[in-house]
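Presented below is the structure to which this report refers.
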Amino acid sequence: MSPTTKMRDATQLPLVGDRHVDPHSYPAGIAFLDGQYLPMSQAKVSVLDWGFLHSDATYDTVHVWNGSFFRLDLHLDRFFAGLEKLRMTIPFDRDGVTEILHNCVALSGHRAAYVEMLCTRGASPTFSRDPRQAINRFMAFAVPFGSVANTEQLQRGLRLAISDKVRIPPASIDPAIKNYHWLDLVRGLYDAYDRGAETALILDFNGNVAEGPGFNVFAVRNGELSTPAIGVLPGITRRTVFDLCGEEGLTAKAADVSVASLKAADEVFITSTAGGIMPVTRIDGAGVADGKVGPVTSRLMALYWQKHDDPAWSSRVNYP
Ligand code: PLP
């Protein structure tokens with residue numbers, strides 16, 4: 001079979017779960033790359049890009065819900081701060097990036113989208129080992145909104161396992177630089193699957209709870225909230241929980257969260273741009289309190305989605 005021959009029989013396509021899928025298919029969406037807007041299937045980078053070879057990149061993800069970006073300013077702040085810390089430069093300022101993100105979403109037509117802006121170190125024309133000679137590459141894309149937890153999991157709560165894997169320490173990588181160093185998180189995820197759980201938390205270098213693949217975690221005890229303070233990405237959804245608690249008169253603090261205290265919590269939830277506030281009702285096979293989604297979690301989930309219609313927290317996409 002020549003490399004271009006199409007396999008017509010779907011059953012010959014690789015099996016992913018219980019479905020045969022075309023390995024060359026992509027989610028419907030639009031990317032911005034090298035000054036052009038492209039369908040996702042055409043947005044490709046060189047294998048010599050340091051982003052790919054060395055995970056030398058930073059990114060941010062914002063979502064669009066009901067046709068509006070949610071807290072885009074905070075995501076842009078974090079992205080531009082990451083670029084500066086990594087000494088990367090892109091040919092766009094904040095307004096330029098904002099316009100590109102709007103265009104990606106508008107061209108995609110998605111009313112609910114997962115929108116990523118990223119910059120890789122790029123490739124050096126001479127394959128130099130000196131990162132200063134690489135030409136930084138900015139890209140962005142908008143694809144359909146995705147969530148860490150599916151509809152069923154949002155209703156009944158996630159089943160989580162605590163892995164013994166340790167998150168890369170902040171002395172090595174400043175976790176405020178949102179990055180693709182995920183081997184610790186992915187290994188944690190496989191630990192969780194091996195133990196019949198749906199997702200994982202991994203630990204900080206002191207053995208306390210840190211974060212999971214793409215999310216922060218909160219424990220609620222006696223009406224007070226706590227979330228790990230160190231060694232974690234300062235998530236925008238985590239920050240949003242603090243803001244909502246401020247409005248609701250709830251106490252929330254960033255502090256060490258031990259494994260024992262998480263398991264003894266009245267309620268546990270995780271937070272991510274990919275899904276918002278998501279309940280956890282089982283940890284390492286045991287129910288969190290009575291194993292049901294708790295009242296503080298439910299209240300914060302409702303408030304979180306209400307805020308998506310508030311112009312102080314959201315901005316309409318410029319659809320044509
Ligand atoms: N922690 C990690 C490692 C992440 O990758 C993410 C998001 O992708 C989060 C936490 C949650 O951050 P945010 O609420 O800004 O999406």
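One-based numbering, in listed order, for ligands and for the atoms of each.
- For N222, there are no side-chain hydrogen bond (donor to acceptor under 3.5 Å, both in side chains) partners, not counting sequence neighbours.
- In terms of heavy atoms, V280 sits closest to I270 at CG2-CG2, 3.9 Å.
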What are the polar N/O contacts of ligand 1 with the protein below 3.5 Å, with distances?
unit_1	atom_1	unit_2	atom_2	d
ligand 1	1 (N)	E211	OE1	2.7
ligand 1	5 (O)	K178	NZ	3.4
ligand 1	8 (O)	K178	NZ	2.4
ligand 1	14 (O)	I236	N	3.3
ligand 1	14 (O)	T237	N	2.9
ligand 1	14 (O)	T237	OG1	2.6
ligand 1	15 (O)	R78	NH1	3.0
ligand 1	15 (O)	R78	NH2	3.0
ligand 1	15 (O)	I236	N	2.8
ligand 1	16 (O)	T273	N	2.8
ligand 1	16 (O)	T273	OG1	2.7

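- Counted within 6.0 Å of CZ on R299, heavy atoms from surrounding residues, nucleotides or ligands total 12 or fewer; the atom is thus considered open.
- Between F145 and H63, the ring planes are perpendicular. Angles over 60° get that label, and only those under 30° would be called parallel.
- For the side-chain contact (heavy atoms from CB on, under 4.5 Å) test, residues two or more places apart in sequence or in another chain that qualify with R316 are S68.
- Residue pairs that meet the ring pair (Phe, Tyr, Trp, His ring centres under 6.0 Å) test with at least one member in residues 94-114, sequence neighbours left out, are F69-H102.
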